[in-house]
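FYI, side chains are in, hydrogens and waters are out, and symmetry mates aren't considered; it's all heavy atoms of this structure. This is a predicted model, so every value here is computed, not measured.
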Amino acid sequence: MSYKQITLITTVLSKFSHEKKNKIFLGEWCHSNHKNNFNNLKEGQTMKHHWCGLNKRLKDVKYLEKNYEKILREISVKLNKIYKVKKNLRYWRIIIGPWLHFYIVSMFDRWENLRIFFKKYHNTKKKTYYFKTGDDIFYNSDTADYVNKILQSDLWNHNNYLRIIKFQYLQKIILEKKNNVKPTIDYKNKKPHEVKNILSLSFLWMKLFHCLDFIFSYFGIRYNKVIIDSSYFSKINQLKLFIKLKIIPSFYSSTFKDISFKPKECFDMVVRDKVFKNKKKLKDPFINYLYFAMKTDFPVVFLEKFNDVQKSNSRFNKLKKKLIITSNSYQFNERFQMWAAEMITKGAKLHIAAHGGFLPFKIETSFDHHITICDKYLTWRLAKEDRWKKKRVKLSPVQLLKNKNLTLNQKKSCLILSFSVARHSLKLNSFPYAEQYKPLFENTCKVVKNLNPLIRKEVIYRCTEADNSCFRTIKKFSQKFKETKTQETSDTLLRDELKKTKLIINIMPETTVSDSITSNIPTVIIFPKKLFHLTRNSEKILDDLKKNNIYFNNPLEASKHINKIWHNPDIWWKSASTQKCLEKLKKFAFNIKDDWLDEWTNHIKQSI
C-alpha cells in the first residue's frame with residue numbers, strides 16, 4: 001500500500017494525533033493496553049516486531065555479544081583511570097555487566113524498530129510528534145531504575161525513539177511539536193508488595209524475621225567464611241544448610257540494602273565526557289549512537305555515586321571470604337556486586353545458583369554473564385554440548401521443595417498458570433515478542449472455550465500484570481469468560497493456590513512447569529511450539545510428554561483430554577506410563593535428590 005504522507009506512532013503517548021488515516025504504528029505496544037479487542041486495523045497499520053523470527057535473533061545475538069565485550073573493555077579501562085585503580089575486566093564485568101547487557105539489547109531493539117520503518121517507507125513523506133521534556137528522563141540511578149523505565153514507561157520509550165530519530169533520521173522525517181501535552185512519569189520502581197493488614201500473623205512474622213536476621217547477619221557477614229545470599233531456598237531448608245555447615249544462620253536481608261539517591265542532583269556531565277566521548281566516529285551507526293546515549297544513560301551508581309557506595313561497604317570490603325553463593329543479587333544489587341567484586345580480588349570464589357528453569361532454549365539470555373563471572377554455576381541440568389560445561393555443577397533445585405508434599409484442601413480448581421509478554425523488549429531470548437502475545441493468549445482461550453462448562457466454572461487464570469510492563473490479558477480473559485476467576489500473581493502465593501487445585505494448565509515451558517510437577521498435582525502443558533524456540537533435546541522430551549498426554553501443541557486436543565480426565569485426573573496422572581515419563585523428565589530437568597542436604601553441604605565444603 002502506498003501513501004502520500006504517513007504519521008509515525010512510536011508509543012501510546014504519541015497517539016494524540018488527530019489524523020484518522022495513514023498512521024503507522026511502530027509496534028503492538030502502540031495500542032492501548034486496556035483495549036479488549038486485538039484488531040486496530042481502522043487506526044492504521046502496525047509494524048511486525050523484528051524478533052518474531054528465530055534467524056534474526058540468532059544473527060543479532062552474535063553481533064550484540066561481540067559489541068558488548070568491546071564496550072565493556074573500553075569502559076573498564078576508562079573507569080580504572082577515573083578512579084585511579086587497576087581492577088581487572090572481571091571486576092568491572094561483575095559491577096556494570098548486568099546493566100550493560102540490558103542496555104545494549106534494549107537500545108538495539110528500539111534502533112531496529114526505527115531502521116526497519118525508515119527502510120520500508122523510504123520513499124514516503126513522514127512525520128511524527130514531540131513535546132517538551134528534559135534530558136533528566138534519561139538519568140538512571142541504578143540497573144533496576146533503568147529496567148523499570150524501559151519496560152513500563154511509554155514516556156521514556158517515546159523520548160528514546162525521538163532521540164534516535166534526531167541522531168540518525170532527522171532529515172527524513174518532519175517533527176511536529178505538541179504544546180498541549182503534559183507528560184508525566186508513567187512508571188514505578190518495583191518494591192516489595194505492601195502487607196495490607198499490619199496485625200496479620202504474616203506481617204508480624206516478617207517483622208520478627210527481619211529483626212532477628214539483622215542481628216545474626218551482623219555477625220554472619222563478619223565471621224562466616226561462606227556467604228549464602230538470595231538462594232531462593234525456603235527459610236527452613238536454608239537454616240538446615242546453615243546448621244549442617246556450622247555457620248551463623250544469616251539471610252543478609254538488609255546487609256546490602258540499596259542506597260537511594262536522585263540522579264538529577266548528582267549528575268556530572270564533565271565526568272561523563274571523559275568516559276563516553278568518542279573522538280573517532282565508527283563505521284557502525286548503532287555503536288556511535290550507543291556512546292552518544294550512554295553519556296546520559298549510564299547509571300550514577302557506577303560513576304558519580306560509585307565512591308559513596310564503596311564507602312558504605314568499607315567495613316565489609318576489609319573482610320576476606322572463601323566462597324560467595326548467590327542466585328539473584330549479582331544482577332540488581334550494586335552494593336552486593338561491588339562487595340563481591342572486592343572479595344574476589346582477595347581470593348574468594350563466586351558460585352551462582354540457578355533460580356529457575358525447565359527445558360533449555362536455543363537462545364539463553366544475558367550473553368552468559370552469570371556463567372562468565374562465576375567460578376561455578378550451580379545448575380538444575382547439564383548439557384552435553386556446552387562451552388561452559390567445566391563450570392557447570394548439577395545440584396538439586398531445593399527451591400522446588402516448597403511445593404512438594406502439599407496438604408491439599410478442596411482440590412476443585414483448574415489453575416491456569418499464564419505467561420506475560422513484555423510490551424517493550426528488555427532481553428533477547430527464545431520467548432514470544434510483542435504481537436506474538438496474541439496467538440499465545442488465543443491458544444489459551446481455545447482451550448478454555450472447549451472445556452466442559454462445569455470445568456470452566458472452576459478455572460482460575462493467574463498471570464503477572466501488576467504494572468505497565470506487560471500486555472494486559474487478565475481483563476481480556478475475564479470479559480471473554482465471565483464465569484471464570486482471574487488472579488494477579490502478587491495477590492496470593494502460588495503455594496496457597498496449589499493447595500486448592502485439582503488440575504494445573506501451564507501455558508509456557510518455564511519454571512512454573514517444574515513447580516507444578518514437583519507438587520504432584522496433575523499438570524497439562526499447552527503452548528504453541530513455534531512461539532518458544534527450544535533445543536533439539538527439549539523437543540525430544542516434548543515428544544515423549546506428548547505421547548503421554550502431558551504436553552499439547554493443539555489446544556482442542558488438550559481440551560478433549562482435560563474433559564475426559566476431569567472427574568478423577570489422578571487416575572491418568574498416577575498411571576505407570578505417565579509416572580515413568582515424568583520421572584524421565586525430572587531426572588533431566590529438575591531432579592531433587594532425597595539427600596539434597598548432604599549434596600549441597602559436600603559441594604560447599606569441597607569448594608573452600
Side-chain angles (χ1 to χ4, degrees), residues 68 71-72 75-76 78-80 82-83 85 87-106 138-151 187-192 217 221 227 229-230 251-268 271-272 275-276 294 296-319 321 324-346 348 350 352 355 366-367 369-370 372-374 426-427:
Y68 165 84
I71 294 170
L72 178 64
I75 294 177
S76 298
K78 291 179 180 180
L79 291 177
N80 273 332
I82 286 175
Y83 297 120
V85 294
K87 303 296 185 182
N88 60 25
L89 184 61
R90 185 186 184 190
Y91 179 93
W92 292 113
R93 187 188 296 274
I94 291 169
I95 295 172
I96 69 173
W99 174 82
L100 186 60
H101 157 255
F102 291 134
Y103 187 72
I104 288 177
V105 172
S106 56
F138 295 119
Y139 300 173
N140 301 294
S141 57
D142 53 24
T143 305
D145 184 27
Y146 175 75
V147 168
N148 285 331
K149 284 176 186 173
I150 65 169
L151 284 177
Y187 76 97
K188 55 185 178 181
N189 281 316
K190 295 181 182 179
K191 297 178 180 179
S217 294
I221 194 67
I227 303 298
D229 170 82
S230 63
F251 294 87
Y252 309 107
S253 56
S254 59
T255 305
F256 297 101
K257 192 174 181 180
D258 288 339
I259 302 171
S260 61
F261 41 78
K262 296 179 180 179
K264 192 175 180 179
E265 295 176 359
C266 58
F267 196 85
D268 188 341
V271 176
R272 289 169 177 267
V275 180
F276 298 107
M294 271 197 287
T296 51
D297 299 358
F298 197 63
V300 298
V301 70
F302 303 136
L303 211 53
E304 290 88 348
K305 286 294 179 179
F306 182 83
N307 286 331
D308 288 352
V309 177
Q310 288 288 53
K311 188 176 179 180
S312 70
N313 280 348
S314 59
R315 291 170 299 168
F316 307 143
N317 287 346
K318 295 174 184 177
L319 304 170
K321 302 298 171 188
I324 300 169
I325 299 176
T326 183
S327 291
N328 194 46
S329 294
Y330 70 92
Q331 288 190 93
F332 293 104
N333 188 330
E334 282 80 9
R335 274 196 73 186
F336 176 87
Q337 290 161 225
M338 291 181 193
W339 174 76
E342 291 290 340
M343 292 301 99
I344 288 168
T345 61
K346 294 181 178 183
L350 176 64
I352 293 178
H355 63 267
S366 80
F367 304 150
H369 168 78
H370 55 303
T372 307
I373 65 170
C374 72
L426 171 66
K427 302 176 182 179

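- Atom CD1 of residue Ile71 and atom CD1 of residue Ile75 lie 6.5 Å apart, to the nearest 0.5 angstrom.
- Leu350 has its side chain out of reach of Tyr330: every pair of non-hydrogen atoms, C-beta onward, lies at least 4.5 Å apart.
- Between Ser366 and His370, the closest side-chain pair of non-hydrogen atoms falls below 4.5 Å.
- Taking the side chain as every heavy atom from C-beta outward, Val85 and Tyr91 never approach each other to under 4.5 Å.
- For the pair Val275 and Ile82, the minimum side-chain heavy-atom distance is below 4.5 Å.
- In summary, of the residues considered (Tyr103, Tyr146, Tyr139, Trp99), a side-chain hydrogen bond (donor to acceptor under 3.5 Å, both in side chains) with Asp297 occurs for Tyr103 alone.
- Nearest heavy-atom pair, Ser314 versus Lys311, reported as atom, atom and distance to 0.1 Å: OG-O, 2.8 Å.
- Within the model, atoms CD1 of Ile227 and CD1 of Ile325 stand 10.0 Å from one another, a figure rounded to the nearest 0.5 Å.
- Looking at every heavy atom in both residues, His369 comes nearest to Arg93 through CE1-O, 3.1 Å.
- The CZ atom of Arg272 sits 5.5 Å away from the CG atom of Leu303 when rounded to the nearest 0.5 Å.
- Taking Tyr68 as the reference, Phe367 meet the ring pair (Phe, Tyr, Trp, His ring centres under 6.0 Å) condition, with sequence neighbours excluded.
- Remark: Phe302 CZ to Trp92 CH2 distance equals 10.0 Å, nearest 0.5 Å.
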Query raised in the report: Are Arg335 and Phe316 close enough, and set up right, to give a side-chain contact (heavy atoms from CB on, under 4.5 Å), and what steps lead you there?
Result: CA-CA 11 Å; Arg335 274 196 73 186; Phe316 307 143; 3.8 Å; yes
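- When all heavy atoms are compared, the tightest approach of Pro299 to Ser141 is CB-O, 3.8 Å.
- Scanning all heavy atoms of the two residues, the minimum distance from Lys427 to Phe102 falls at CE-CE2, 3.9 Å.
- Between Ile324 atom CD1 and Ile344 atom CD1 the span is 6.0 Å, to the nearest 0.5 Å.
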Return a table of donor-acceptor pairs under 3.5 angstrom between the side chains of residues 253-263 and protein atoms on other chains or two or more places apart.
residue : atom : partner : partner atom : Å
Ser253  : OG   : His210  : ND1          : 3.3
Ser253  : OG   : Asp213  : OD2          : 2.6

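- Between the CG atom of Asp229 and the OH atom of Tyr252 there is a distance of 8.5 Å, given to the nearest 0.5 Å.
- With a 4.5 Å cut-off on side-chain heavy atoms, Ile94 and Lys87 do not count as touching.
- Checked by atom type and distance alone, the side chain of Gln310 never pairs as donor or acceptor with a backbone atom of Phe306 at under 3.5 Å.
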**Report entry** side-chain contact (heavy atoms from CB on, under 4.5 Å) between Trp339 and Lys321, worked out
**Finding:** CA-CA 11 Å; Trp339 174 76; Lys321 302 298 171 188; 3.9 Å; yes
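- For the pair Glu334/Ile95, no side-chain contact is recorded, criterion being any heavy-atom separation below 4.5 Å from C-beta on.
- Panel note: side chain Lys346, backbone Asn317; a donor-acceptor pair is recorded below 3.5 Å.
- Between Leu319 and Glu342, every side-chain heavy-atom pair lies at or beyond the 4.5 Å cut-off.
- Not a single side chain to side chain donor-acceptor pair (under 3.5 Å) links Asp268 to another residue, sequence neighbours left out.
- The existence of a salt bridge linking Lys305 and Asp308 is confirmed by a sub-4.0 Å separation between a basic side-chain nitrogen and an acidic carboxylate oxygen.
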